[in-house]
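In what follows, chains are A, B, ... by sequence order, proteins preceding strands, each numbered from 1.
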Number of protein chains: 2
Amino acid sequence: MSSDKAGTGNGKPSMRDALVTAAFRLFLERGYEQTTVDDIVALAGVGRRSFFRYFPSKEDVVFPDHERCLADMTAFLAAGTGDEEPVRRVCDAARLVLRMYAENPTFSVQRYRLTKKVPGLRAYELSVVWRYERALADYLRRRFAARRDGTLQADVIAAAVVAAHNNALRSWLRSHGQGEASAAMDHALAYVQSAFGDAPAPAAQEQPEDVVVVVSRRGAPLWRVVQEIESTLGRA
Amino acid sequence: MSSDKAGTGNGKPSMRDALVTAAFRLFLERGYEQTTVDDIVALAGVGRRSFFRYFPSKEDVVFPDHERCLADMTAFLAAGTGDEEPVRRVCDAARLVLRMYAENPTFSVQRYRLTKKVPGLRAYELSVVWRYERALADYLRRRFAARRDGTLQADVIAAAVVAAHNNALRSWLRSHGQGEASAAMDHALAYVQSAFGDAPAPAAQEQPEDVVVVVSRRGAPLWRVVQEIESTLGRA
DNA sequence: GCCCACGACGGCACTGAGTGCACTCTCGGG
DNA sequence: CCCGAGAGTGCACTCAGTGCCGTCGTGGGC
């Protein structure tokens, strides 16, 4: 437990963290809905009004660092030079979220159990995830401005990236945060990249002869091809 | 205005519809957050307690028919014989939602304006849409049970279908519900079908020989392989 | 050293959503 | 004529969230 993250970047022990700690202790031992804001502030030893100074709602205390993570993501997307491969870029942006979860595995797992059980928290998490998806989609819309169905492709790809990310993240959270999450994440995001295949080419200085491909029928779906490749390469 | 839909299927003038009508009149003329439940029940001429008999929350009155539509969708998905093409099936299921919106264009447009302006309603709509997405994903998970990354593919495809659907639906709603919505919907869903192309055209059960892959060097990075495949297939 | 402004914190009272309970009214059946 | 059930209502209560104001500590200007 304990988020060890200074709320605004300075080095205060910060009452904000005390509220998060108190809240999670109560949420875990008696449930989210059975815990009132008065209980939290009583345990933290602060005034009730101060709670709402730091968290606009009771739900927000469950996601204390998503606001900063969303800012990081938008900054990351805005920092690009503009000639990166767009799909790869949003996949890398999604990895930022995984990294935030991986920084505090036990905290992330506890929160996962909470959101899984409480419908109100699930609904709130959706609105959080939706903002990430919008950030990705807005970036792709800018990059795809010249394409024919640019906004459609942007929305669909952003949704696919988020879904793949969530799939890998949840399976990692279900396994109590054990093991390396990034491997499954790479696998999941590779599926999306292959489906919407914007040539995943970075700064490549490898010779083209290292790969020889023969495809017998051009009508085959791309995911089938990738599946075949992966089994040929001996991957899971 | 007026939802003309009998709440439970029988022919009552039903107090439920009166509440929806009264609520939307007030929402449109003075805003959602400026309207209290007491205002609604006063206009409808019923007791306050009766409102919560029909709608578990104030937000629910904005989406009076989604519960039934979700039931229709799950029934549609369960009604299949099991040999339909899965991606096409979920696309058809998504079209059911569009049909519900198209049945009451003016009502749908009014609701769209509301949800666009009020953050609380946007968040609630997300949880509604999420349930559709889960229904589609669960169906695909069953159909993809034998595949290697079945649940991953199911989640990603479901998200992509919902995103494409929402993209087409929103552009139709933005244009005041004019024109034929199904054409844009077909176009959007065709994009998803082509990306995850489970046989876009016929009901062909693919033989494994449709893909033959030869890789000359096993150390090659996956993106190089995909790049080669794409150029071989003649894609962008 | 003194004072004042400012910002963080706390207390209080209020609105409004949502709930549990008990009551009435109506209707259909024995 | 009575009775039981279900729909609707009124009432009182909890709790999230807000506006307002008072308090306290701190730091800077004089």
Ignoring hydrogens and angles, does a donor from either the side chain of R48(B) or the base of dG8(D) sit under 3.5 Å from an acceptor on the other? no

No-H, no-angle donor-acceptor pair, R53(B) side chain to dT9(D) base, under 3.5 Å: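 By the distance-only test, yes, there is a pair.
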
Value in whole Å for how far the [atom2] atom of [N] lies from [atom1] of [X]:
X: E33(A); N: dT19(C); atom1: CD; atom2: P; value: 10 Å
X: F52(B); N: dT14(D); atom1: CZ; atom2: P; value: 18 Å
X: F55(B); N: dG8(D); atom1: CZ; atom2: P; value: 12 Å
X: L19(B); N: dT9(D); atom1: CG; atom2: P; value: 9 Å
X: R16(B); N: dG8(D); atom1: CZ; atom2: C1'; value: 17 Å
X: I40(A); N: dA16(D); atom1: CD1; atom2: C1'; value: 11 Å
X: F51(A); N: dA8(C); atom1: CZ; atom2: P; value: 18 Å
X: M15(B); N: dT9(D); atom1: CE; atom2: P; value: 5 Å

Which listed nucleotide ([options]) is nearest to the side chain of [X]?
X: T36(A); options: dA16(D), dG8(D), dA17(C); value: dA16(D)
X: V37(B); options: dA17(C), dT9(D), dG17(D); value: dA17(C)
X: E59(A); options: dA16(D), dG18(C), dG17(D); value: dG17(D)
X: R49(A); options: dC9(C), dC12(C), dC11(D); value: dC12(C)

Output yes when a side-chain donor or acceptor of N166(B) lies under 3.5 Å from a complementary backbone atom of A163(B), and no otherwise.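 Not a single qualifying donor-acceptor pair exists.
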
Does the gap between the ring centers of Y101(A) and Y112(A) come in under 6.0 Å?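 So the answer is no for these two rings.
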
Would a 4.5 Å heavy-atom cut-off, applied to side chains only, mark F76(B) and D92(B) as touching?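 Yes. Closest side-chain heavy atoms under 4.5 Å.
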
Does any non-hydrogen side-chain atom of Y32(B) lie less than 4.5 Å from one of K58(B)? yes

Under 4.0 Å, heavy atoms only, any strand: does Y54(B) hit a base, just the sugar-phosphate, or nothing? sugar-phosphate

Assuming nearest nucleotide by heavy-atom distance, tell me which of D38(A) and G45(B) is located more 5' along DNA chain D.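 Counting from the 5' end, the first nearest nucleotide belongs to G45(B).
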
If you take all heavy atoms of L19(A) and V41(A), which pair is closest and at what distance? CD2-CG1, 4.4 Å

